[in-house]
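Comments concern the structure below.
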Protein chains: 4
Amino acid sequence: MNERSFTNPLYALSGSALMKDKRQKIIDAAETLIAESGFQGLSMHKLAKEAGVAAGTIYRYFSDKEDLLQQVRLEVAQRNAEAIQRDVDESMPLKERFRKMWLNIFDLSVSNIDNLKNRAQYDSLPCVRSHETKEIERKMFSKVDQLFTEGRETGVFKPLDNPVLAALSLEVSVTLARKQSLGYYQLDQDAIEAAIEASWDAIITH
Amino acid sequence: MNERSFTNPLYALSGSALMKDKRQKIIDAAETLIAESGFQGLSMHKLAKEAGVAAGTIYRYFSDKEDLLQQVRLEVAQRNAEAIQRDVDESMPLKERFRKMWLNIFDLSVSNIDNLKNRAQYDSLPCVRSHETKEIERKMFSKVDQLFTEGRETGVFKPLDNPVLAALSLEVSVTLARKQSLGYYQLDQDAIEAAIEASWDAIITH
Amino acid sequence: MNERSFTNPLYALSGSALMKDKRQKIIDAAETLIAESGFQGLSMHKLAKEAGVAAGTIYRYFSDKEDLLQQVRLEVAQRNAEAIQRDVDESMPLKERFRKMWLNIFDLSVSNIDNLKNRAQYDSLPCVRSHETKEIERKMFSKVDQLFTEGRETGVFKPLDNPVLAALSLEVSVTLARKQSLGYYQLDQDAIEAAIEASWDAIITH
Amino acid sequence: MNERSFTNPLYALSGSALMKDKRQKIIDAAETLIAESGFQGLSMHKLAKEAGVAAGTIYRYFSDKEDLLQQVRLEVAQRNAEAIQRDVDESMPLKERFRKMWLNIFDLSVSNIDNLKNRAQYDSLPCVRSHETKEIERKMFSKVDQLFTEGRETGVFKPLDNPVLAALSLEVSVTLARKQSLGYYQLDQDAIEAAIEASWDAIITH
DNA sequence: TATGAATGAGACTTCATTCAT
DNA sequence: TATGAATGAAGTCTCATTCAT
């Protein structure tokens, strides 16, 4: 968000702020519609209506539909990156950090999938691996990277690359969340804790 | 079915066999196009062209596009189910069965993802969950189920539900394969064996 | 109908009789479907199915759809012609003949309209005025013609052409029947008799 | 509406007026095509071409084909309603009003049928009977209703319901016009006057 | 900068008709 | 003679995008 528009109302009507408002309104509307009706249900007309702008206006901020979707994904990814590492601090013990991020991912996945917002994440993210995407990923996984690097160097974790460690442990939470949302089961608190413990077992040395 | 087509290859073009051929040609063409351009890129006209039939012909075999897609998914799922459990026998030791299926899934995922054929699997399978889908899943996971049940009852595995055990161990191979296909890393034989070992660690009691 | 097929079962399977059966089956099926779903709802495939023949077979008896419809109309028209003049005899008094035919037309129109079978009559008959159509009309109106001619020559009816007299009197019953079927009103026996009387008034000299 | 378009003809092409023009152009084109090729011959592509707009444009003004047809019928019905009661005034004697409307209907029917434009009226009007249709009918028949009511109450007409009186007298003109257009006969002025007289005889008390 | 009417390619689907068997 | 699979033109409608205002 442009913070200036909150502290000084004058900025709210200025060119760039207004523009930013419209751009944001369009992106927000896109997310809303995608959450409601999935990715294929997004038409530029519905989007314009939902965002309260004219159809042509969208093309002042995005070169075409693909560009718009790209930027929606970017925004979703950024929000996800923040959510995943929320309340995680380097000063916390290794296991606690692991547990916190595991739960963050699990919660995020459940809500995303429930809202169909997962589509913004799953359908799309794999398709692109642009510079920006990689930037996001680095940010997204900075604390994750640190966790795995630290754990491996102290001999707590197995000597595997970080992405492999992630796939073996943290990303299991995504799989479990998805399955739960599809109705395969309903994990209670104990089951979740057991799953976290098992994920931990996967990567520590025994 | 016209049995003659099995005994005498000359009959291969006779009535019912021809029909089966055409249906299959359409499904194959659909898989090809989906692999090339994803799910949304499949138009009935392109499909007709690729399959070498008239547009209207498709509707002799499938009531509409959704029906066609359903049947494509079914076929893909069935092929996957077979591939996953290939060369796995109950008489084999628990660990060996685990390793074999892990590798089957990994290999399948790599090739699927490389062809984008995963879309037929990932985009769609979750959408339905019909009776047929469940039937497929049961078949798909019969040997998997047996593995986990046996392991848990003998105290080798943790006391978790089968789907959870699967997510913690076997399905990790999908995540790893996808990441590899996206270019995050290239797993050599040692790394794969280590990943299998780590997956095993996730579900056994320590 | 081919009477031979009733008296000698051998004829039932003979070429021409069989052919006539199929042709009739198709026409009957067409009438059934038109009655059910109107004229536009008639597709050659549905027709083939209803008639119990293959789609291609229809084209052995009718050159194309238009030809088929033409012949359906012809058949309906013939049946109508018979119905209109049923139980009318030259020996009956003028007024009685008039009343009988008026009622025949009214009853026919009601049932036709109720079955949507009117479409076979109203949508189509005006479109063509072929030789056969005229032939049908002459037959259809032979007793009507006689009625009007006789009435005019005896000075009972106004000196107007037969088709004009028909429009002024007998055909009013069609208009009334149609309106009733559309729900404008429901004519009881008295109202119908009054309408007949009024129709009579239209054409007699006063 | 943009009021300027009423005060200054230069604005005739400005926004809202243009829109109105386009909608009207489409409706006019529809009437033209229906007149030429009947109701079934109307395809949205042909219509777009005839109207000089893109196919998609039609859907800005009409939700779908059925909606378009409905509005065409409405317009035709309204025009007919006006034509039927043109130059008819309550101050005129009963018979004169009757004669005028009879002729109005006859003339209208002849021209409609000659253009096949009757199809807009006959094929369609009976199908709906919506609120709007009834509104049209009331308007269409206000002077007709008044005529019949007045005539019945003054004892000039038979004690029959208005729709029945209409069918017996005024609507005969439609039947006669149709038959004439189909080439059954050609009514000269005397014959028409005689027909009017006969129609009058149908409903008056003797 | 913003609008939104207009565009027209292309989506899915139907159906009268043909023709090899 | 009968079949019915196959055809492909034509149908209705959607939607990303443009452009005059």
Side-chain angles (χ1 to χ4, degrees), chain A residues 15-16 18-19 22 40-49 52-69, chain B residues 13-16 18-19 21-23 40-49 51-68, chain C residues 15-16 18-19 22 40-49 52-69, chain D residues 13-16 18-19 21-23 40-49 51-68:
Chain A
S16 86
L18 189 65
M19 172 174 145
K22 272 210 170 126
Q40 308 198 359
L42 183 67
S43 91
M44 299 303 262
H45 269 103
K46 284 183 204 158
L47 175 57
K49 198 176 172 186
V53 302
T57 304
I58 299 174
Y59 291 84
R60 292 205 63 79
Y61 299 99
F62 308 95
S63 63
D64 57 15
K65 192 180 187 181
E66 185 48 43
D67 180 39
L68 164 74
L69 292 181
Chain B
L13 291 176
S14 71
S16 81
L18 188 64
M19 167 174 150
D21 276 355
K22 218 147 229 176
R23 203 196 95 99
Q40 308 197 0
L42 183 67
S43 96
M44 299 306 261
H45 270 106
K46 286 184 203 159
L47 174 56
K49 199 174 173 187
V53 301
T57 302
I58 300 174
Y59 292 84
R60 285 199 60 75
Y61 299 98
F62 308 94
S63 63
D64 56 15
K65 192 179 187 182
E66 185 48 44
D67 181 39
L68 166 73
Chain C
S16 84
L18 190 64
M19 174 174 142
K22 272 211 168 122
Q40 308 198 358
L42 182 68
S43 92
M44 299 303 263
H45 270 103
K46 284 183 206 158
L47 174 56
K49 200 175 171 187
V53 303
T57 303
I58 298 174
Y59 290 84
R60 293 206 62 77
Y61 299 98
F62 307 94
S63 63
D64 57 14
K65 194 180 185 181
E66 185 48 43
D67 180 38
L68 165 72
L69 293 181
Chain D
L13 291 175
S14 71
S16 81
L18 188 65
M19 167 175 149
D21 276 354
K22 218 148 227 174
R23 204 196 95 98
Q40 308 196 3
L42 183 67
S43 96
M44 300 306 260
H45 269 107
K46 286 183 203 160
L47 174 56
K49 201 175 172 186
V53 302
T57 302
I58 299 173
Y59 292 86
R60 283 199 61 75
Y61 298 98
F62 308 95
S63 63
D64 56 14
K65 193 180 186 180
E66 184 48 44
D67 181 38
L68 166 73

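No experiment lies behind these values; they were computed from the predicted model shown. Note: hydrogens, waters and symmetry copies are ignored here, and every other heavy atom, side chains too, is used. Labels below follow one simple rule: chain letters A, B, ... track the order of the sequence lines, proteins then strands, and each chain is numbered from 1.
- Taking atom CZ of residue A/Phe62 and atom P of nucleotide F/dA16, one finds them 15 Å apart after rounding to whole Å.
- Rounded to an integer number of Å, the gap from CG of D/Leu68 to C1' of F/dC13 is 13 Å.
- The CG-C1' distance, from C/Leu42 to E/dT14, rounds to 14 Å in whole Å.
- Paired regions of DNA chain F, where each region holds three or more successive Watson-Crick or G-U pairs whose two hydrogen-bonding distances fall under 3.5 Å, are E:2-21 with F:2-21.
- Shown here are the side-chain contact (heavy atoms from CB on, under 4.5 Å) partners of D/Lys46, two or more places apart in sequence or in another chain: D/Leu33, D/Ser43.
- Minimum heavy-atom separation, C/Ala54 to C/Ala48: C-CB, 3.9 Å.
- Going from atom NZ of B/Lys49 over to atom C1' of F/dT7 covers 17 Å, rounded to whole Å.
- Here C/Asp67 pairs with C/Gln71 under the side chain to side chain donor-acceptor pair (under 3.5 Å) rule; sequence neighbours left out.
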Between the protein and nucleotides 17-21 of chain E, list every N/O to N/O distance that falls short of 3.5 Å.
from	atom 1	to	atom 2	distance (Å)
E/dT17	OP2	C/Tyr59	OH	3.0
E/dT17	OP2	C/Lys65	N	2.9

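- Computed from coordinates, the A/Leu47 CG to F/dA16 P distance equals 9 Å when rounded to whole Å.
- A/Leu68 contributes atom CG, which lies 7.0 Å from atom CD1 of A/Ile58 (distance to the nearest 0.5 angstrom).
- Atoms CD (B/Gln40) and P (F/dC15) sit 12 Å apart, rounded to a whole Å.
- With sequence neighbours excluded, the residues forming a side-chain contact (heavy atoms from CB on, under 4.5 Å) with B/Tyr59 are B/Met44, listed by chain and number.
- Between the OH atom of A/Tyr61 and the C1' atom of E/dA2 there is a distance of 8 Å, rounded to whole Å.
- Between A/Gly52 and C/Ser43, the residue anchored nearer the 5' end of DNA chain E, judged by the nucleotide with its closest heavy atom, is A/Gly52.
- Each of D/Ala54 and C/Lys46 lies near DNA chain E, and the nucleotide nearest D/Ala54 is the one positioned closer to the 5' end.
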